[in-house]
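Worksheet: the structure to be examined is printed underneath.
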Amino acid sequence: LSGELAHQDSMGNIKGIPPGDVQRMSAGSGVRHSEFNHAQGQTTHFLQIWIEPNVRGIAPSYEQKTVPESAKRGQLALVAGPEGGAHSVKIHADARMYAGLFDGIEQATLTLDPQRKAYVFVVHGSLQANGQKLHAGDAAMLQSEARLTLDQAQDAEVLVFDLAP
């Protein structure tokens, strides 16, 4: 979110992770790793999100993608999912994670499977999720919903998770 995080692991990877990047690390059959502040004189603020995999025993691996602001401005961009993509990392789970930046009249709608769950987390700013006002640090869990509408934002950054039931 701010500053720069660094990832180091027992596979020999040392990589800086600047704001706007998403990195997937799969520990798989075993790896030692650490994250640390990589920005001298700056505070590093980041989110570490754990999603339980749907496969076991795979080789340890990681993948990192830069998600440009333009891909998130006024829309939800896929940043992690089972299929991977131009701005998304591939995860070994029945889940998808989207990121968006919204302000003013910008809005987005995401079609949901009512049999699944959706989790909305506001990183900063504020917005409405299906009519419910959320502020920085707030989250909402949606169940049995066919649609998520994000609107009435004020300098908002949001993450949305589409999760198996």
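Just so it is clear, the model here is predicted, and its values are computed rather than measured.
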Requested in this report: Please answer: with hydrophobic residues joined when any side-chain heavy atoms are less than 4.5 Å apart, are Val123 and Val120 in the same cluster?
Outcome: no

Query - Nearest non-hydrogen partners of Arg116 and Ala164, listed with the distance - result: NH2-N, 3.5 Å

**Report entry** Reported NZ-to-CG distance for the pair Lys72 and Leu159, which is rounded to 0.5 angstrom
**Finding:** 8.5 Å

**Report entry** side-chain contact (heavy atoms from CB on, under 4.5 Å) evaluation trace for His92 with Ile58
**Finding:** CA-CA 10 Å; His92 303 285; Ile58 60 175; 3.4 Å; yes

Report summary line: Heavy-atom nearest pair, Ala139 first then Leu134, reads O-CD2, 4.2 Å

Query raised in the report: Going through the checks in order, is the side-chain contact (heavy atoms from CB on, under 4.5 Å) test met by Leu76 and Phe102?
Result: CA-CA 9 Å; Leu76 290 170; Phe102 299 93; 4.2 Å; yes

Query raised in the report: Should Tyr119 and Ile91 be regarded as members of a common hydrophobic cluster, given that ILVMFWY residues are connected when their side-chain heavy atoms come within less than 4.5 Å of each other, either directly or indirectly?
Result: yes

**Report entry** Gap separating the CG atom of Asp162 from the CE atom of Met97, nearest 0.5 angstrom
**Finding:** 12.5 Å

For residues 147-158, please give each side-chain donor-acceptor pair under 3.5 Å, one per line with the distance, not counting sequence neighbours.
residue	atom	partner	partner atom	Å
Asp151	OD1	Gln128	NE2	3.4
Gln154	OE1	Ser126	OG	3.4
Glu157	OE1	His124	NE2	3.1

Report task. Output yes when a side-chain donor or acceptor of Arg96 lies under 3.5 Å from a complementary backbone atom of Gly81, and no otherwise. Result -> no

Query raised in the report: Is there a donor-acceptor pair closer than 3.5 Å between any side-chain N or O of Lys65 and the backbone N or O of Gly85?
Result: yes

Query raised in the report: When hydrophobic residues are tied together by side-chain contacts of less than 4.5 Å, even through go-betweens, does Ile49 share a cluster with Tyr98?
Result: no

Requested in this report: Answer yes or no: is there a side-chain heavy-atom contact under 4.5 Å between Leu47 and Phe121?
Outcome: yes

Query - Closest approach of Ala77 to Ala71 (non-hydrogen atoms, all atoms of both residues) - result: CB-O, 3.3 Å

**Report entry** NZ on Lys133 to CG on Leu127, rounded to 0.5 Å
**Finding:** 7.0 Å

Query raised in the report: Is a side-chain N or O of Glu83 found less than 3.5 angstrom from the main chain of Lys90, in a donor-acceptor match?
Result: no

**Report entry** Whether over 12 other heavy atoms sit under 6.0 Å from Ile105 CD1
**Finding:** no

Requested in this report: Give the minimum heavy-atom separation between Pro82 and Ala93, together with the two atoms involved.
Outcome: CG-O, 3.6 Å

Query raised in the report: Are any of the side-chain heavy atoms of Glu145 and Pro114 separated by less than 4.5 Å?
Result: no

Query raised in the report: To the nearest 0.5 Å, how far apart are OG in Ser88 and CZ in Arg24?
Result: 11.0 Å

**Report entry** Sidechain-backbone polar pair: Glu106 side chain, Asp103 backbone, donor-acceptor under 3.5 Å
**Finding:** yes

**Report entry** Gap separating the CE atom of Met141 from the CZ atom of Phe161, nearest 0.5 angstrom
**Finding:** 10.0 Å

Query - Path from Val122 to Val160 over hydrophobic side-chain contacts below 4.5 Å - result: yes

Query raised in the report: Going from CG on Leu163 to CG on Asp94, what distance comes out if it is rounded to the nearest 0.5 angstrom?
Result: 9.0 Å

**Report entry** Shared hydrophobic cluster, Leu78 / Leu110 (ILVMFWY, side-chain heavy atoms < 4.5 Å)
**Finding:** yes

